[in-house]
Amino acid sequence: MNRIPVFPYLLNIVAFIIIYFLNQGFIEIFCVKKTTFVWQFYYFISGVSALMLISLILVHHLHNKYTGYTFLAWAMIKLMLVMGYFLIFVFQPGIALSHNILYTIVSLYFSYLIYEVLFAVLLMKKS
C-alpha cells in the first residue's frame with residue numbers, strides 16, 4: 001500500500017509559520033494601526049491556501065498527471081474567493097481602508113501565491 005509522504009506536509013507547515021511572521025513584518029513595515037482586517041484576511045487566505053496545498057498533495061499522490069490541472073483550478077478558485085471577499089468586506093459603503101492595509105493584504109496574497117507556485121513546480125518536477 002502506498003503511503004502519502006510526510007515531507008510536503010512538513011514543508012507546508014514551515015511555510016505557513018514563515019508567512020505568519022511575514023504578515024507581522026508587513027504590518028510593521030507598512031505601519032498598520034488597525035490590524036483587525038489584516039488578520040481576518042490572513043485567516044481567510046491561509047485557510048484557502050491550506051485547502052489548495054492539501055488537495056495538491058493528495059492529487060499528486062493519487063493521480064500524478066492531474067497535479068498541474070489541480071493547481072490551475074485552485075489558483076482560479078482562490079482568485080475568485082479573494083475577489084468575493086473584497087466585494088463583501090472591502091467595497092462596502094462606509095468602510096475606508098487605508099493604503100497601508102491594502103499594501104499589507106496584497107503583499108500577503110503575493111507571498112502565498114509565490115509559495116504555491118514554487119510548491120506546485122516542486123511537485124510537478126517529482127513526477
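Side-chain atoms are counted along with the backbone in the values below, which use heavy atoms only and exclude waters and symmetry mates.
Linking Ile, Leu, Val, Met, Phe, Trp and Tyr residues whenever their side-chain heavy atoms come within less than 4.5 Å places M52 and I17 in a single cluster. In the hydrophobic cluster analysis, where Ile, Leu, Val, Met, Phe, Trp and Tyr join through side-chain heavy atoms closer than 4.5 angstrom, L87 is grouped apart from M80. Grouping the Ile, Leu, Val, Met, Phe, Trp and Tyr side chains by contacts below 4.5 angstrom, directly or via other members, places L81 with F16. Both L51 and V48 are part of a single hydrophobic cluster, where members link through side-chain heavy atoms under 4.5 Å apart. Taking hydrophobic clusters as Ile, Leu, Val, Met, Phe, Trp and Tyr residues chained together by side-chain heavy-atom distances below 4.5 Å, F7 shares a cluster with L56.
Of the inter-residue distances, the one linking T35 atom OG1 with Q40 atom CD reads 9.5 Å to the nearest 0.5 angstrom. For the atom pair CG of N23 and OH of Y20, the computed distance is 8.5 Å after rounding to the nearest 0.5 Å. Here the straight-line distance linking atom OG of S46 with atom CZ of F41 works out to 9.0 Å at 0.5 Å rounding. In this structure, CD1 on I54 lies 11.0 Å from OG on S49, to the nearest 0.5 angstrom. Distance check, rounded to the nearest 0.5 Å: CD1 of I57 to CG of N12 gives 4.5 Å. Separation of atoms CE (M124) and CZ (F119) is listed at 11.0 Å; rounding is to 0.5 Å.
Minimum heavy-atom separation, E116 to F71: O-CE1, 3.7 Å. Of all the heavy atoms in L22 and S111, the pair that sits closest is CD1-OG, 4.1 Å.
Across L53, N64, V59, T67, a single residue satisfies side chain to side chain contact (heavy atoms under 4.5 Å, CB included) together with L123, and that is T67.
Ring orientation note: the planes of F37 and Y85 are tilted relative to one another, at an angle of 30° to 60°.
Counting heavy atoms from C-beta on, the side chains of Y42 and I27 never come closer than 4.5 Å. With contacts defined as side-chain heavy-atom distances shorter than 4.5 Å, the pair F30/S107 qualifies. The shortest side-chain heavy-atom distance between K78 and Y112 falls under the 4.5 Å cut-off. Side chains of Y109 and L79 form a contact here, defined as non-hydrogen atoms less than 4.5 Å apart. Residues F21 and Q24 form a side-chain contact, since some pair of their non-hydrogen atoms from C-beta on lies under 4.5 Å apart.
By the neighbour-count criterion of 12 heavy atoms within 6.0 Å, atom OH of Y66 is sparsely surrounded, having that number or fewer from other residues, nucleotides or ligands.
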